Amino acid sequence: MKTRTRFAPSPTGYMHIGNLRTALYEYLIAKANNGDFILRIEDTDQKRYVEGATEIIYATLKRVGMNWDEGPDICGNYGPYVQSERKPIYAEYAHKLVELGGAHYCFCAQQENDDADEENAVPTKFQDPCKHLSLEEAKARIANGEKYVVRQTINKTGKSKFHDVVYGDIEIDYDDLDEGVLLKSDGFPTYNFANVVDDHLMAITHVVRGNEYISSTPKYNLIYESFGWTPPIYVHVPQVMKDAQHKLSKRNGDASFQDLVAKGYLPEAILNYIALLGWNPGTDQEIFSLSELKQTFTAERLNKSPAIFDIAKLTWMNGCYIRALPFDEFHKLAQPFYAQTLTRSVNEEELSRVLQSRIEVLNDIPAQIDFVENVLDFSPELYNNKKMKSDAEVAKQALSYAIEALEKQTNWSNEALFETLKTLAQDKGLKNGQILYPVRIALSGKETTPGGATEIAVILGKDETLRRLKEALAKLN
RNA sequence: GGUCCCAUCGUCUAGUGGCCUAGGACGCGGCCCUCUCAAGGCUGCAACACGGGUUCAAAUCCCGUUGGGAUCACCA
């Protein structure tokens, strides 16, 4: 049987990290087995629908290279792939389930979900009086125009057992299950019903979802059973947490995929990082491309306990990805940041060369290059550096020597400039640092800079370099 | 509260009874390299929640305690 997995988000807003990770695992399970990865939109809750949310889902999946084989926009043999377009299917199966004894019609008023005292609420199990209505009577009331829902019927007693790939065997007492609504009064199914019907009809073999669904899985199995269908292989994954107590959620404004991208994280790095949140390959390898992941991933190595999302490690990993980028690509990615901070014309290639190993996220760029536009105001004390044996007095000398030497300089490459200043230091009986350090300070006005004195000179160009040196020297006099 | 699930360095984790005086990675500290800062190399600090068993031997198995999470909607 061909492996088929599905990512079934509901279009309620941004794509958050936990969601994306679930999608990744679905994708990897399918692709590791030469199977199909299906995208299904679960929009049965019309109240929560957010305009544009499906587009974000598409864009995100495409951006990270997780292409789906079937979906709303890619015809397959199991469509439609949007639940709101499948409404008649659910109704048909809901009524069938009633006939089969797995559900019943219910005419009760909607239950209040009072979350006022959710902390110590002692929920009482809902005992549905309609359960005991005869089918004829129920049908008569429906024919009479009464509003109804289809509610699951649970008559079994004892323990429900099922196997989960990550959690192993789980037992839940049938008594603890409630008879939830399957088909709402508006004719739409609830998730509880739609996912079962769709997963079966779409021939899904592996269901990957958050472990909050563990406790309702027996209810789904009961539905499969009533229909005589085979349940899928379950892969429940632990939550992605913000800290030990709270899970990552979009409601709290926690980072979403697009937020991270906007901050200068590379999609490949984000994907790599979340793959490792709760999964490990059993080796020390940490950097994985999507195709490497496809070859290595096995659901059996998924972890059971929740993982805290650690931005520091993601940042490190992003730095690895930036450094591994071909130079041209990095240069291209850096362009927008130059455009937003620089008006002066500088050697941007050299700037990128110097920056590539020094930033971890693209958004670090502006702060790193602030001095390029204008030399920052600084006090002469900045020339003081014990290790470089530099101070304002040394600087005064060094700067005037440097100006003299550089004015004659024609080859404005880093190597040539470094050679010139090194020889200059030797000639004047100074240490290299005694020339280079003051020059770098004069050129930047910063204690630390990406790149050294000569690299900055290359970035700035000859005219600006000499102008800054002269200005700095004048300030010292 | 009932039920289910989870529990190794601050964080992500390796570990499936002896290879563990618990390994790797991030972060943090130090050193080296070095025209500052990065990068790179080396190195240090740092954990089996607790208590009982089982066993010649337990981070690993069992029980309990504690702590955390999930779930109990016409949301998914």
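Since we're looking at a predicted model, the values are computed, not measured. Proteins come first, then strands; the chains are lettered A, B, ... in the order of their sequence lines, and each starts at number 1.
- Separation of the C1' atoms belonging to B/rC62 and B/rU55 is 12 Å when rounded to the nearest angstrom.
- The separation between A/K387 atom NZ and B/rC35 atom C1' is 10 Å, rounded to whole Å.
- Note on A/N19: nothing from the nucleic acid sits closer than 4.0 angstrom, heavy atoms only.
- Salt-bridge annotation for A/K313 and A/D310: absent, with no side-chain N of the basic residue lying under 4.0 Å from a carboxylate O of the acidic one.
- At the phosphate of B/rC74, neither OP1 nor OP2 sits under 4.0 Å from any side-chain N or O atom of A/K147.
- Not a single donor-acceptor contact under 3.5 angstrom links the side-chain atoms of A/T449 to the base of B/rC37.
- The nucleotide B/rA25 finds its pairing partner in B/rU11, both defining distances of the Watson-Crick or G-U wobble pair being shorter than 3.5 Å.
- Across all strands shown, B/rA70 is found opposite B/rU3 as a Watson-Crick or G-U wobble partner, with both distances under 3.5 Å.
- The side chain of A/D178 lies closest to B/rC72 when the candidates are B/rG10, B/rU71, B/rC72.
- Across all strands shown, B/rC42 forms a Watson-Crick or G-U wobble pair, both distances under 3.5 Å, with B/rG30.
- Of the residues near RNA chain B, A/A453 and A/N192, the one whose nearest nucleotide (by heavy atom distance) lies more toward the 5' end is A/A453.
- Listed pair A/S216 / B/rC72 fails the phosphate criterion, with no side-chain N or O lying under 4.0 Å from OP1 or OP2.
- Using a cutoff of 4.0 Å between basic side-chain nitrogens and carboxylate oxygens, A/D198 and A/R6 are not scored as salt-bridged.
- Within the 4.0 angstrom heavy-atom criterion, base atoms lie near A/S185.
- Remark: A/K184 is in phosphate contact with B/rA76, judged by side-chain N or O atoms under 4.0 Å from OP1 or OP2.
- Between the CD atom of A/Q245 and the P atom of B/rU11 there is a distance of 11 Å, given to the nearest Å.
- For A/Y213 and B/rA76, a side-chain-to-base donor-acceptor distance below 3.5 Å is present, hydrogens and geometry of angles not being considered.
- In this structure, A/K475 forms a cation-pi arrangement with A/F378, its terminal cationic atom sitting closer than 6.0 Å to the ring centre and no more than 45° off the ring axis.
- B/rG29 and B/rG10 have their C1' atoms separated by 15 Å, given to the nearest Å.
- Across all strands shown, B/rC56 pairs with B/rG18; the Watson-Crick or G-U wobble distances both stay below 3.5 Å.
- Under the stacking criterion of a centre-to-centre distance below 5.5 angstrom and an interplanar angle below 30°, A/F418 sits stacked against the six-membered ring of B/rC35.
- At a threshold of 4.0 Å, the pair A/D164-A/K304 does not count as salt-bridged, since none of the basic side-chain nitrogens sits closer than that to a carboxylate oxygen.
- For the C1' atom pair drawn from B/rG64 and B/rA25, the interatomic distance equals 35 Å after rounding to whole Å.
- Residue A/R301 is the one, among A/V181 and A/R301, whose nearest nucleotide of RNA chain B lies closer to the 5' end (criterion: closest heavy atom).
- For the C1' atoms, the distance from B/rG30 to B/rC45 is 10 Å, rounded to whole Å.
- Spacing between B/rU21 and B/rU11 at atom P, rounded to whole Å, works out to 24 Å.
- Going from atom CD1 of A/I172 over to atom C1' of B/rG2 covers 12 Å, rounded to whole Å.
- Side-chain N/O atoms of A/K313 include none lying less than 4.0 angstrom from OP1 or OP2 on B/rG27.
- Across all strands shown, B/rC50 forms a Watson-Crick or G-U wobble pair with B/rG64, both key distances being under 3.5 Å.
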